[in-house]
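See structure below.
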Amino acid sequence: MDGHIILIVDDDSNVRELLRVNCVAQGLNVLTAGDGAEALRLVEQHIPELVILDVMMPEMDGWEVCKQIRDKYQDSIKVVMLTAKDTARDKIIGKNILKADEYLTKPFDIDELLATVHRLLLRESA
Amino acid sequence: MSFRLSSMSYRARLLWGLLIVNIPMFVILSANEIVAVRNFAFQRELDAISTEGQFLASDVTDALLDHDRARVNEILSFATTQHQIKEVSILDINSTVIASTDPTLVGRTHPSTEPVPVAKIRGKSFLKSFPIRGRMMDGRIPRFLQMNYSFEKAYGDISSTLVWEIGIDSVEILIILLVAWFISGLLQKPLIELRDVSNLMATGDFSRRVHGGDRRDIVGQLAAAFNNMASRLEVLTASMQQEIHRATAELTSSNKFLNEKREQLEASNRKLRELDVLKSDFVSMVSHELRTPLTSIIGFAKTLRTLPLSKEQQQQYLAIIEAEGKRLSSLVEEYLDISKIESGTISLQRKPVNIATLICSAVDLFSVSLRKGFIVDLPPSMPDIMADGAKVVSVLHNLMDNAIKYSGDSQEIVITGHLKDDGIAVSVRDFGPGIAPEDIDKVFDKFYRGKNPATLRHHGSGLGLAIAKGIIEAHNGKIWCESLQGKGTMFSFFLPLQSQPKLETLPPAGNAYY
Ligand SMILES: Nc1ncnc2c1ncn2[C@@H]1O[C@H](COP(=O)(O)OP(=O)(O)OP(=O)(O)O)[C@@H](O)[C@H]1O
Ligand SMILES: [Mg+2]
């Protein structure tokens with residue numbers, strides 16, 4: 001897993017830190033952003049292979065970030081939505097309309113998240 | 001005829017009928033009369049001629065016998081001055097004129113060729129001959145006296161009679177028509193009355209009756225039958241009217257009842273919808289606000305268990321777990337508080353408390369680093385009030401927390417206490433960006449968090465002020481907000497000194513939601 005660049009976007013610094021420390025432990029190169037604008041800036045700078053994206057953020061929410069990534073990079077960047085929104089409606093928006101690769105709800109299981117990340121990255125390199 | 005009888009009025013038809021019958025009748029009668037007049041006039045003239053002729057004939061005979069020619073001429077010319085005698089001639093047996101009032105005829109055969117023994121009409125004249133005797137005169141023997149009598153007088157009589165006749169007939173016809181007009185009017189009168197009253201009935205007025213119901217003729221019978229019908233209709237419509245009134249009244253009242261019920265239903269429906277929106281707001285807020293700290297707690301717990309971490313990292317993550325745990329418990333606390341406030345089951349543990357003490361305990365809840373911006377300004381002594389100290393502290397804590405969270409870079413927060421006549425007022429003032437005037441009313445609403453991204457960056461459920469309001473109002477106090485955009489915000493609340501007795505007479509706040 002070494003060398004893959006991923007971006008973690010969440011407005012809650014604790015969740016950000018939680019994701020960061022676990023992904024780093026997997027040997028991934030981790031970038032973090034606390035809001036949508038910063039996230040898009042980092043995406044442009046580093047072109048990560050995968051973005052873990054929170055939905056409920058002030059100013060620009062995760063939907064918008066996902067949409068912009070899809071518009072610009074199509075499927076080349078994997079997107080994992082990570083959110084407290086767990087209604088069927090939200091899942092449909094995330095997976096079918098905005099074409100996120102995965103949709104996980106908080107609180108999530110770290111192992112499940114890491115497995116998902118692995119799966120998407122492997123599929124990418126395969 | 002270019003018009004149709006059937007299209008004419010009843011009276012005009014009658015008059016036309018009369019005219020059509022009368023005119024030929026008058027024509028026949030007049031013709032008859034004229035013939036009679038003519039005959040009479042002729043007879044009269046004939047009689048006059050006979051008498052006249054006889055006299056003349058004997059006079060002429062006398063003169064002829066005397067052989068007095070001059071007298072003969074005298075008699076003849078005198079005759080022409082009489083009556084309508086136009087011409088008198090003396091003829092011989094061959095109708096040759098011996099002497100005449102018309103000198104051109106003398107010596108010639110009289111144009112009427114032969115002597116006429118009886119009156120004969122020739123054009124506009126009568127001709128009549130009378131026998132005479134006399135001696136030879138101019139070589140001829142006079143045998144007849146022929147008179148030409150004018151017919152004009154008789155004709156004049158007849159034509160004037162005719163004029164009279166026509167005049168009188170016309171007057172008669174006119175009189176007949178007038179009488180017929182008048183009588184038909186009289187006959188029509190009851191019909192017209194029937195029509196007018198029927199028209200009135202058509203507009204719903206059944207009170208009028210027609211005259212003549214006591215008469216025995218067909219019109220009287222009709223009038224009586226009509227009046228009878230009108231009376232029955234009047235009674236019937238009156239009862240129907242009553243029925244309609246009753247039904248209408250019933251309908252209106254049941255309509256009113258239905259309307260009231262509908263309004264009630266609509267109101268409760270609206271309330272239900274509001275509750276529904278609140279409930280789904282609540283659910284999504286709760287889900288987000290509870291899930292975020294839970295994520296950190298569960299995630300870090302597992303991380304601590306599975307990853308090899310440095311001592312500092314372990315400490316850091318444990319601190320996060322503790323903080324998020326506290327956040328979670330305070331969130332749960334808030335939800336419980338708000339639901340208690342809404343259900344009206346909030347219970348206050350009232351004790352005499354000093355507001356200065358409460359402010360100090362609220363300030364103590366903040367970490368030392370945050371605390372340094374607080375400026376507390378209190379009068380030298382404040383009376384105790386009867387209040388639930390812990391709850392008032394939570395109100396103060398929330399106001400201070402908001403002042404820190406939402407005042408941006410300005411770090412100064414002023415807490416002031418005022419002594420009023422009947423209570424105390426406390427305000428918490430910051431110098432942050434303030435609240436837009438249109439949003440001031442909303443800050444006390446459940447879940448309201450504003451739209452400002454700078455505000456939303458901080459954690460919060462939007463329940464703090466709603467709870468504060470519930471707590472202050474449960475104390476019979478008041479809470480309000482003044483804010484100038486760009487200048488800062490001041491939240492104040494007032495607590496009465498003597499609130500205990502009042503409170504017990506009041507129902508719990510928000511008792512609408514049981
Ligand atoms: N001093 C202040 N200055 C500017 N805005 C304020 C201030 N106090 C409150 N507000 C606004 O009012 C909203 C409601 O405040 P409230 O205390 O009810 O909720 P909260 O602070 O967002 O959440 P919590 O339930 O954690 O207190 C805030 O989100 C903020 O937008
Ligand atoms: Mg608050």
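Each chain gets a letter, A, B and so on, in the order its sequence line appears, and its residues count up from 1.
- Contact annotation for B:I298: only side-chain heavy atoms (C-beta onward) come within less than 4.5 Å of a heavy atom of chain A.
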Item to complete: Carefully, step by step, assess A:D12 and B:R327 under the rule salt bridge (Lys or Arg N to Asp or Glu O under 4.0 Å).
Response: CA-CA 13 Å; A:D12 188 297; B:R327 187 171 139 206; 3.5 Å; yes

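- The CD atom of A:E17 sits 5.5 Å away from the CZ atom of B:F300 when rounded to the nearest 0.5 Å.
- Residue contact with chain B, scored on non-hydrogen atoms closer than 4.5 Å, is absent for A:D54.
- Here the closest non-hydrogen pair linking B:S296 and A:V15 is OG-CG2, 3.7 Å.
- To the nearest 0.5 Å, the span separating CG on A:D10 from OG1 on B:T292 amounts to 7.5 Å.
- With a 4.5 Å cut-off on non-hydrogen atoms, A:D11 does not touch chain B at all.
- Contact annotation for B:I297: neither backbone nor side-chain heavy atoms come within less than 4.5 Å of a heavy atom of chain A.
- Here the CG atom belonging to A:N22 is positioned 9.0 Å from the NZ atom belonging to B:K302, to the nearest 0.5 angstrom.
- Interatomic distance, B:T306 OG1 to A:I110 CD1, rounded to the nearest 0.5 Å: 8.0 Å.
- At most 12 heavy atoms of other shown residues, nucleotides or ligands fall within 6.0 angstrom of atom NZ in B:K487.
- The shortest distance between side-chain heavy atoms of B:Y317 and A:V21 falls below 4.5 Å.
- A donor-acceptor contact shorter than 3.5 Å links the side chain of B:R291 to the backbone of A:K106.
- One finds the CG atom of A:L82 at 7.5 Å from the OG1 atom of B:T295 (value rounded to the nearest 0.5 Å).
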